[in-house]
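Values below: every heavy atom of this structure, side chains too, minus hydrogens, waters and symmetry copies. A note on names: the letters A, B, ... follow the listed sequences, proteins ahead of strands, and every chain is numbered from 1.
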Number of protein chains: 2
Amino acid sequence: MDALFQLSFLLQGWLGRIAAEHDLSPVQVRLLGILRDRQPGMLELARYLELEKSSLSGLVDRAEARGLVERVPSSDDRRATTVRVTALGRQLTRTMTGKVERKMTALLAVLPEKERARLTALVTRVLENAMQLPVE
Amino acid sequence: MDALFQLSFLLQGWLGRIAAEHDLSPVQVRLLGILRDRQPGMLELARYLELEKSSLSGLVDRAEARGLVERVPSSDDRRATTVRVTALGRQLTRTMTGKVERKMTALLAVLPEKERARLTALVTRVLENAMQLPVE
DNA sequence: TATTGTTATACTCTATAACTATA
DNA sequence: TATAGTTATAGAGTATAACAATA
């Protein structure tokens with residue numbers, strides 16, 4: 001259905017512009033989002049982001065140079081490195097999340113509460129179905 | 001609302017992967033989509049894509065090198081160039097559109113027809129509201 | 001002078017291949 | 001040998017600034 005795609009372009013456009021206001025690329029935002037409640041190794045992080053490990057090295061380099069994340073040597077494997085979000089990175093994430101939420105609230109304000117709940121329920125069912133779909 | 005964002009990531013992920021199967025970037029897909037029913041000038045195209053004109057030069061260069069689009073000199077302004085999709089570009093767009101539509105149909109098949117219609121109506125209302133929202 | 005477009009340059013993002021260090 | 005990660009290299013995508021040609 002076309003409306004859902006249009007909406008997805010709209011939302012992603014917002015995300016991109018809000019990120020750009022803070023000189024972040026979409027992938028840097030995803031990186032910070034993943035690190036919100038995890039401290040994964042480089043390979044694990046590459047898997048989350050669907051990137052090659054070499055791509056991740058540069059990505060983390062740049063985020064680290066900006067003080068948004070930091071590499072922490074793994075204690076039990078001296079080859080391995082984990083990545084942790086810094087206080088600065090966390091604060092930046094919060095700022096952006098707030099902006100996004102305010103936009104989203106304004107967008108959905110057009111619907112009365114009952115219909116908003118119906119929309120959420122329908123989208124949630126669609127998402128649950130998506131999990132079952134063949135990955136292809 | 002979080003579910004809508006999740007859905008937007010899912011759909012954009014599909015688009016990206018289907019485009020990658022054909023060695024196209026998301027922006028190349030948008031370029032071809034815009035050219036489906038228009039033959040705009042470079043500046044106009046840059047405005048649609050929200051790019052600098054210099055960025056567009058390279059984008060069109062690469063698409064032209066692959067035979068997907070072609071530059072056509074404007075007849076009434078010798079400075080201006082218009083961009084036209086080729087038969088090959090059009091065919092590629094059709095192929096990808098078909099794949100996306102099939103995925104979308106499978107995704108929404110979880111909802112009975114009546115609820116699918118309700119979802120469309122709700123999303124459409126939200127989109128209409130989005131037009132009214134301050135651009136900022 | 002203003003507008004349309006390209007070129008030069010620099011940076012981010014990405015992949016592949018080769019490498020280092022550790023397991 | 002295998003695994004975790006980095007480095008070297010190359011190409012796409014983007015922006016800013018300087019430029020050429022035409023209006």
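A salt bridge does not link B/Arg84 to B/Glu64: none of the charged nitrogens lies less than 4.0 Å from a carboxylate oxygen.
For the pair B/Arg47 CZ and C/dT4 C1', the interatomic distance rounds to 12 Å; values are reported in whole Å. Regarding B/Lys53, its NZ atom lies at a distance of 16 Å from the P atom of C/dA8, rounded to whole Å. Between the CD atom of B/Glu44 and the P atom of C/dT3 there is a distance of 16 Å, rounded to whole Å. Nucleotide C/dT6 holds its C1' atom 12 Å from the CG atom of B/Leu43, rounded to whole Å. Computed from coordinates, the B/Asp77 CG to C/dT3 C1' distance equals 8 Å when rounded to whole Å. Taking atom CG of residue B/Leu24 and atom P of nucleotide C/dT14, one finds them 17 Å apart after rounding to whole Å. One can place CZ of B/Arg78 at 22 Å from P of C/dA2, the figure rounded to the nearest angstrom. Atom CD of B/Glu52 and atom P of C/dA10 are 19 Å apart (whole Å).
Partners of A/Asp77 according to the side chain to side chain contact (heavy atoms under 4.5 Å, CB included) rule, which considers only residues two or more places apart in sequence or in another chain, are A/Ser74, A/Arg79, A/Ala80. Annotation: side chain to side chain contact (heavy atoms under 4.5 Å, CB included) contacts of A/Ala46 (sequence neighbours excluded): A/Leu56. With sequence neighbours excluded, the residues satisfying side chain to side chain contact (heavy atoms under 4.5 Å, CB included) with A/Arg47 are A/Glu44. Residues passing the side chain to side chain donor-acceptor pair (under 3.5 Å) test with A/Gln28: none are found, sequence neighbours excluded.
Between B/Arg71 and the phosphate of C/dT6, there is a side-chain N or O to OP1/OP2 separation shorter than 4.0 Å.
Using a 4.0 Å heavy-atom criterion, one finds that B/Thr81 contacts the sugar-phosphate atoms exclusively. Among the heavy atoms of the strands lying under 4.0 Å from A/Ser54 is at least one base atom, whether or not backbone atoms are also near. If you check every strand for non-hydrogen atoms under 4.0 Å, B/Ser25 touches sugar and phosphate atoms only.
If A/Leu56 and B/Ser57 are placed on DNA chain C by their nearest nucleotide, the residue sitting closer to the 5' end is B/Ser57.
Contact footprint of chain A on DNA chain D: nucleotides with an atom under 4.0 Å from a non-hydrogen protein atom, first to last in 5' to 3' order, D/dA2 to D/dT7.
Considering B/Arg38, B/Gln39, B/Glu70, B/Arg71 as possible partners of B/Thr82, the one that fulfils the side-chain hydrogen bond (donor to acceptor under 3.5 Å, both in side chains) test is B/Gln39.
Residue pairs that meet the salt bridge (Lys or Arg N to Asp or Glu O under 4.0 Å) test with at least one member in residues 119-133 of chain B, sequence neighbours left out, are A/Glu115-B/Arg125.
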